[in-house]
Amino acid sequence: MSKFTWRDLLQLNDKEKAWNSKLSCIGHIDMNAFFAQVDQVRYGLSTTDPVVSVQWSSIIAVSYEARKYGISRMDTLESARTKCASLVPVHTATFKKGNRNWISTPLGEFPTPFDHKVSLDPYRREGRKVLQILQKNCDLVQKASVDEAFLDLGRLIFNLLINEKTNNLLNDEQLSSLNELREIYNSGDNSMDNFLPNIPSFSHSIFPPIGNIIKQNDNDELIYEDWDDLVIALGSILTNMIRNTIYKETKFFTSCGVSSTKSLSKIASDFKKPDTQTIIFNKFINKFLDNGSFELTDFWTLGGNKGKEVMDILECPKFDKQSIKYIREKWPELIFLQTEMKERYTDLTIFQKFTFPLKDCDAMSLKIYQLVRGNWKEPVNSKPLVKSMMANKNMRGDSCKDFADCMSWLQVFAGELELRIHDLQEETKKLLIPKTISVSIRSDNRSSIHSKSGPFVIGNASITRDEFFQLILDSAKPLIKELDLVYKDTVYPLTGLSLGLSNFEIIGKGSTIIDMFKKPKKVRTEEFEEIKLEPVEEKQNNKKRKTFFDNNESKICNRCGEKFNDERQLLEHKDYHYALDLSIGINGIKEHKDLVNMDNLDLMTRRRLNEKGNDESKSNTKNKTITEFFTPKK
DNA sequence: TACTCACAG
DNA sequence: GGCTGTGAGTA
């Protein structure tokens, strides 16, 4: 007889409950050396090229090929080159000061930080591509960062076990082995508290797991004893398929962890890289935690001061990587851990200030108690598309020495944010309306950061892209002006400047114009008067303008008629026209054709010419075509 | 709401 | 070490 009930199994079929089921199965997928992989694919390089992604002179990602030469993220570009003569460094895309669009940096070129700003957009886009593949294949996905995500595999597994229609995923032997379970389920004799039948005999050979299996001893035969084993094994089969799909569609390698909880899966995905998934069956959790040479501080959220403090409070042995085992064995019951933790906290607090208050001790103890047993369960939450967006640059020298410099960098930042919001809207067919804007400045003089934020108000739904850009800039101006007034004597030259939009409201395309103007909590009548909605009829007859929130724009170059899949490509293409215009007369290139389809030359030439053309490059986002986003509401 | 800080990749 | 991002505390 199984120790699991039908309730446990049925919970898998419920998005709200699956994470907390005794049979829960969570996957964590992580892209290996992500930026380097993106650059390798983007630049058509081979997987055997030792690629590193570079930002100024530091390395921000090291491909696994480059790691073979002992190169790490700590290396500078210089030191990496001495380790590997055939190194292929790829610099991130950049905005040139005064430019509204980023461009890819040609191989072998290294822009200077004094008049460029890094763009991470290429990485974000590829990250989103992968996220979309995940979402297509799994109904509950949580993006954890640009290159990692959690999957709640509950429904997928439930369907494999119970549903007939499983897309040929299971073979006849596997199907028939599940007959007993399905019969009970279909007979309706599956009262919640009834125990599940035994797992099919030999199910470990009928459903072999895929990946790096953690076992008590490496040579042990793996035997499934109950449904949780089978569930985790099915999870590994699913994540393997999903990862194969990612590879097929993007050529990206991933690593993955499969287990019953998010925190375990996260550690597991990191355990063996690249291109490997690690499977933690429930019965081997302790073995994994104790012998994987993990510390308490390896758990998510305990990597900083908080983790160190807990280690101190609990007087964990240092340096022998046994803190997890130590805590688990020393406090076999929660109540012991909780009392002792509070006692020691109070004793120590005389000498030491902690990052968490005494009242949180019980909660913290509970979390630690569960974590060291692999029992700490958290839901997989699909996160909103975006919560905030920031453009930031660390300044050096006199890059930003007065108010005027601030404004010209803010122009770059505003351009970047407008571009990112616009691209994201295009991609998702959603409206993204930020409600607050903030700027911050940093300087070494006062070694501190000052920031100022305020409401961001879009007064008009048919705002164009250029107007939206201008609005960001205009909204940022008084904020930075105020910071300038208060701190001007001490902060310049700045060591950092940033501009952020946050509090995004995300609106589906079906929404009406009314949604644009969420009533502020406190409405003063004058303000409300001012925000007048354009009468719908009038709008239709209006002179046509392409609005910022328009998704259906044409993507045809008005110079040569070439068609593009998305706006981004069109912009880059126009960038190219601009460069080409300059080039006539510089190096005698006359024909558009000369450069078409010669991507590298195109890029290089554009780049070189852009430099010569200096800052005169105008925004290419003039809006000529039409169609309103909003359709009149019946 | 405004600002700061911790944590993470 | 640079560039992002989220969440929580404080007032």
Side-chain angles (χ1 to χ4, degrees), chain A residues 28-36 38 53-62 72-77 79 91-95 102 111 113 116-124 127-128 142-149 263 266-267 269-270 273 297-309 353-357 359-360 363 378 381 383-396 399 409 412-413 416-417 420 435-442 447-457 479 482-483 486 495-504 520-522:
Chain A
H28 180 259
I29 291 185
D30 194 311
M31 317 251 238
N32 313 131
F34 182 51
F35 287 13
V38 171
S53 301
V54 171
Q55 158 179 301
W56 315 138
S57 58
S58 36
I59 290 175
I60 55 175
V62 187
S72 82
R73 288 206 323 170
M74 291 299 116
D75 282 295
T76 61
L77 181 52
S79 64
H91 197 280
T92 62
T94 55
F95 295 89
W102 53 262
H116 289 81
K117 183 195 177 307
V118 163
S119 168
L120 301 179
D121 238 36
Y123 310 120
R124 289 192 200 100
R128 268 185 255 130
Q142 177 179 344
K143 176 181 164 175
S145 76
V146 67
D147 68 345
E148 55 177 318
S263 76
K266 169 125 173 101
I267 295 184
S269 71
D270 205 45
K273 299 194 286 192
T297 46
D298 291 327
F299 287 117
W300 205 65
T301 68
L302 296 180
N305 282 332
K306 207 173 248 156
K308 281 188 207 120
E309 286 172 7
K353 196 87 185 114
F354 293 109
T355 56
F356 59 98
K359 70 173 168 53
D360 288 354
E378 286 166 301
N381 294 316
K383 288 272 165 43
L385 193 61
V386 56
K387 291 198 160 171
S388 68
M389 225 182 243
M390 182 177 51
N392 173 74
K393 180 170 168 56
N394 289 2
M395 303 293 176
R396 30 198 105 188
S399 288
W409 279 117
V412 176
F413 296 176
E416 172 173 10
L417 294 176
R420 283 175 58 188
K435 294 287 163 52
T436 62
I437 182 168
S438 64
V439 298
S440 84
I441 58 176
R442 182 163 50 88
S447 124
S448 60
I449 295 173
H450 306 285
S451 72
K452 190 87 195 144
S453 56
F456 182 78
V457 183
L479 300 177
E482 190 171 326
L483 290 177
V486 177
T495 55
L497 179 66
S498 77
L499 172 61
L501 295 171
S502 53
N503 258 323
F504 274 92
K521 292 244 165 72
K522 289 170 227 155

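Atom set for the values below is all heavy atoms of this structure, side chains included, hydrogens, waters and symmetry mates excluded. Letters A, B, ... are given to chains in the order of the sequence lines, protein chains preceding strands, and every chain is numbered from 1. As the structure is a prediction and not an experimental result, all values here were calculated from the model.
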Using a heavy-atom cut-off of under 4.0 Å over every strand shown, decide if [X] touches base, sugar-phosphate, or nothing.
{"X": "Ser58(A)", "answer": "nothing"}
{"X": "Lys143(A)", "answer": "nothing"}
{"X": "Leu302(A)", "answer": "sugar-phosphate"}

May I ask you to verify if any side-chain N or O of [X] is less than 4.0 angstrom from the OP1 or OP2 atom of [N]?
{"X": "Lys306(A)", "N": "dA6(B)", "value": "no"}
{"X": "Lys387(A)", "N": "dG5(C)", "value": "no"}
{"X": "Lys435(A)", "N": "dA2(B)", "value": "no"}
{"X": "Asn305(A)", "N": "dC7(B)", "value": "yes"}
{"X": "Ser451(A)", "N": "dT4(B)", "value": "yes"}
{"X": "Arg73(A)", "N": "dG1(C)", "value": "no"}
{"X": "Asn394(A)", "N": "dC3(C)", "value": "yes"}
{"X": "Thr355(A)", "N": "dA6(B)", "value": "no"}

For Ser119(A) and Asp121(A), does a side-chain donor sit closer than 3.5 Å to a side-chain acceptor?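 Distance-only check fails for Ser119(A) and Asp121(A).
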Regarding Lys393(A) and the six-membered ring of Trp409(A), is the cationic atom NZ or CZ under 6.0 Å from the ring centre and inside 45° of its axis?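 That pair qualifies as a cation-pi contact.
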Which nucleotide in the set dT4(C), dG9(B), dG2(C) lies at the smallest distance from any side-chain heavy atom of Lys117(A)?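 It is dT4(C).
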Candidates Ser388(A), Ser498(A), Ser453(A) - the one meeting side-chain contact (heavy atoms from CB on, under 4.5 Å) with Ser438(A):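 When side-chain contact (heavy atoms from CB on, under 4.5 Å) is applied between Ser438(A) and each of Ser388(A), Ser498(A), Ser453(A), only Ser453(A) qualifies.
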Nearest-0.5 Å distance, OG of residue Ser79(A) to CD1 of residue Ile59(A):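 Rounded to the nearest 0.5 Å, the OG-CD1 separation comes out at 6.0 Å.
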